Student: 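Input: one structure, supplied below.
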Protein chains: 2
Amino acid sequence: MQEGTGKWYGYCMVTNKKIILQTDPFDNNCPSRRALDLISDKWTSLIIYLLSDGPQRYTQLKRQIGGISQKMLTQTLRKLEEEGLVTRTVYPTAPPSVEYALTPLGETLLEPLVRLLEWAQTFGLQMRSPASEAV
Amino acid sequence: MQEGTGKWYGYCMVTNKKIILQTDPFDNNCPSRRALDLISDKWTSLIIYLLSDGPQRYTQLKRQIGGISQKMLTQTLRKLEEEGLVTRTVYPTAPPSVEYALTPLGETLLEPLVRLLEWAQTFGLQMRSPASEAV
DNA sequence: CAGAATCCGACCTGATACTG
DNA sequence: CAGTATCAGGTCGGATTCTG
């Protein structure tokens, strides 16, 4: 039943490559949905990857990503921290120093994410080949 | 040095879990980026999964997903078709019938996507859900 | 250094109406 | 059935300015 204003997401579960869709408009806590939302973020995956090399400081991350605005970097890091994928450690030195690192949970995300990027590298180049399609 | 108007994405490549970031503001064709953009879509992964059970018709998909608008369903399917992940077959019957199916390329995407959702199911629950959800 | 707060345009999205 | 076209609201993201 559509609640008019309230928008909701498909509730997806994977069981042996089978999908069960639930349609509870009030259940927004679907882990699958949350995970997808997470990596759907434009910068999340990049940050996760950068942190896979070890803890990094704020400016370090910013410099490496380059195109990210400080707002987005902070926002993304905060979200990752909130979700428990990244830790934020503040060293109260004279110039403030903040270090971000992956949590064990965050490191588990690394693996499926790598698979996805590997897919992208292997097959991504085949995308957008309109001539190779015979409908 | 920011190039002013042109916004750009991090160009990421994975090599043995190592990341190489390139910062060419004009190269928007990064396969990794494209792949992430693809699954970052709210509905893409759901559709891919539904199609993993075999070809489905437009209304069939719509009914199963439920909360999706026609616009979004069509838009997403078009994008997937354009990227070569989905085929669109029109049967010129009396009531028009259109069938969507995964291409071989689309099926290859299924695997990493499954890994991601499996991760979500296994570890997603460990993520801290923001208690400020009332939707 | 590491942000917070603000403004503002671009884009995404859903609702609605119409079509072969 | 399977769309297309259009419009309005909301969100996202970047640039800028200010702070401890």
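Everything numeric in this text was worked out from a predicted model, so none of it was measured. Note on naming: letters A, B, ... go to the chains in the order of the sequence lines (proteins, then strands), and numbering restarts at 1 for each one.
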Student: Does C:dG3 have OP1 or OP2 sitting under 4.0 Å from an N or O in the side chain of A:Tyr100?
Tutor: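 The answer is yes; a side-chain N or O of A:Tyr100 sits under 4.0 Å from OP1 or OP2.
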
Student: Report whether A:Val90 and A:Leu102 are members of the same hydrophobic cluster (ILVMFWY, side-chain heavy atoms less than 4.5 Å apart, transitive linking).
Tutor: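 Yes: a chain of side-chain contacts under 4.5 Å links A:Val90 to A:Leu102.
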
Student: With DNA chain C as reference, determine whether B:Pro96 or A:Pro95 sits nearer its 5' end, using the nearest nucleotide of each.
Tutor: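 Per heavy-atom nearest nucleotide, the more 5' residue is A:Pro95.
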
Student: Could you tell me if the side chain of A:Thr93 sits less than 4.5 Å from the side chain of A:Pro96, heavy atoms only?
Tutor: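 Result no, sub-4.5 Å side-chain heavy-atom pair not found.
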
Student: Nearest whole angstrom, please: distance from the P of D:dG13 to the CD1 of A:Ile68.
Tutor: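 A:Ile68 atom CD1 is separated from D:dG13 atom P by 10 Å.
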
Student: Are OP1 or OP2 of D:dA2 and a side-chain N or O of B:Thr59 less than 4.0 angstrom apart?
Tutor: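 B:Thr59 to D:dA2 OP1/OP2: side-chain N or O found under 4.0 Å.
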
Student: Measure the shortest side-chain to side-chain distance between B:Tyr100 and B:Thr87 over non-hydrogen atoms and say whether it is less than 4.5 angstrom.
Tutor: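 No, side chains not in contact.
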
Student: Just the rounded figure in Å: distance from P of D:dT4 to OH of B:Tyr58.
Tutor: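 Distance check: B:Tyr58 OH to D:dT4 P gives 8 Å.
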
Student: Taking CH2 from B:Trp43 and C1' from C:dG14, how many angstroms apart are they, rounded to a whole number?
Tutor: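 Distance check: B:Trp43 CH2 to C:dG14 C1' gives 10 Å.
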
Student: Mind calculating the distance between CG (A:Leu73) and P (D:dG13) to the nearest angstrom?
Tutor: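 It works out to 13 Å between those atoms.
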
Student: Verify the contact: side-chain N or O of B:Arg57 to OP1 or OP2 of D:dA2, cut-off strictly under 4.0 Å; return yes or no.
Tutor: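 For D:dA2, OP1/OP2 do have a side-chain N/O of B:Arg57 under 4.0 Å.
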
Student: Let me spell it out: for each of B:Thr74 and B:Arg63, pick the nucleotide of DNA chain D with the closest heavy atom. Which residue's pick is nearer the 5' end?
Tutor: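 It is B:Arg63, whose closest nucleotide lies nearer the 5' terminus.
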
Student: Do A:Thr74 and A:Tyr58 get their side chains close enough for a donor-acceptor pair, meaning under 3.5 Å?
Tutor: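 The criterion, which ignores hydrogens and geometry beyond distance, is satisfied for A:Tyr58 and A:Thr74.
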
Student: Taking CD from B:Gln56 and C1' from D:dA2, how many angstroms apart are they, rounded to a whole number?
Tutor: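 Distance, rounded to whole Å: 15 Å.
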
Student: Checking A:Gln64 against A:Gln56: is there a side-chain donor and acceptor pair closer than 3.5 Å?
Tutor: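 Present: a donor and an acceptor within the cut-off.
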
Student: Expressed as a whole number of angstroms, how long is the span from A:Met72:CE to D:dT16:C1'?
Tutor: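 It works out to 14 Å between those atoms.
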
Student: By nearest atom, which of the nucleotides C:dA2, D:dA2, D:dT16 is closest to the A:Gln70 side chain?
Tutor: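 Taking heavy atoms from C-beta onward, the closest nucleotide is D:dT16.
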
Student: Please report the distance, rounded to the nearest Å, between OH in B:Tyr91 and P in D:dA2.
Tutor: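 Answer to the nearest Å: 12 Å.
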
Student: Given atom CD of B:Gln60 and atom P of D:dC1, what is their separation to the nearest angstrom?
Tutor: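 The answer, rounded to whole Å, is 11 Å.
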
Student: Let me know, please, whether A:Lys71 or A:Arg78 comes out on the 5' side of the other along DNA chain C by nearest nucleotide.
Tutor: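 Upstream on the strand: A:Arg78.
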
Student: So which nucleotide from D:dC1, C:dG3, C:dA2 ends up closest to the side chain of A:Arg88?
Tutor: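 Nearest listed nucleotide: C:dG3.
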
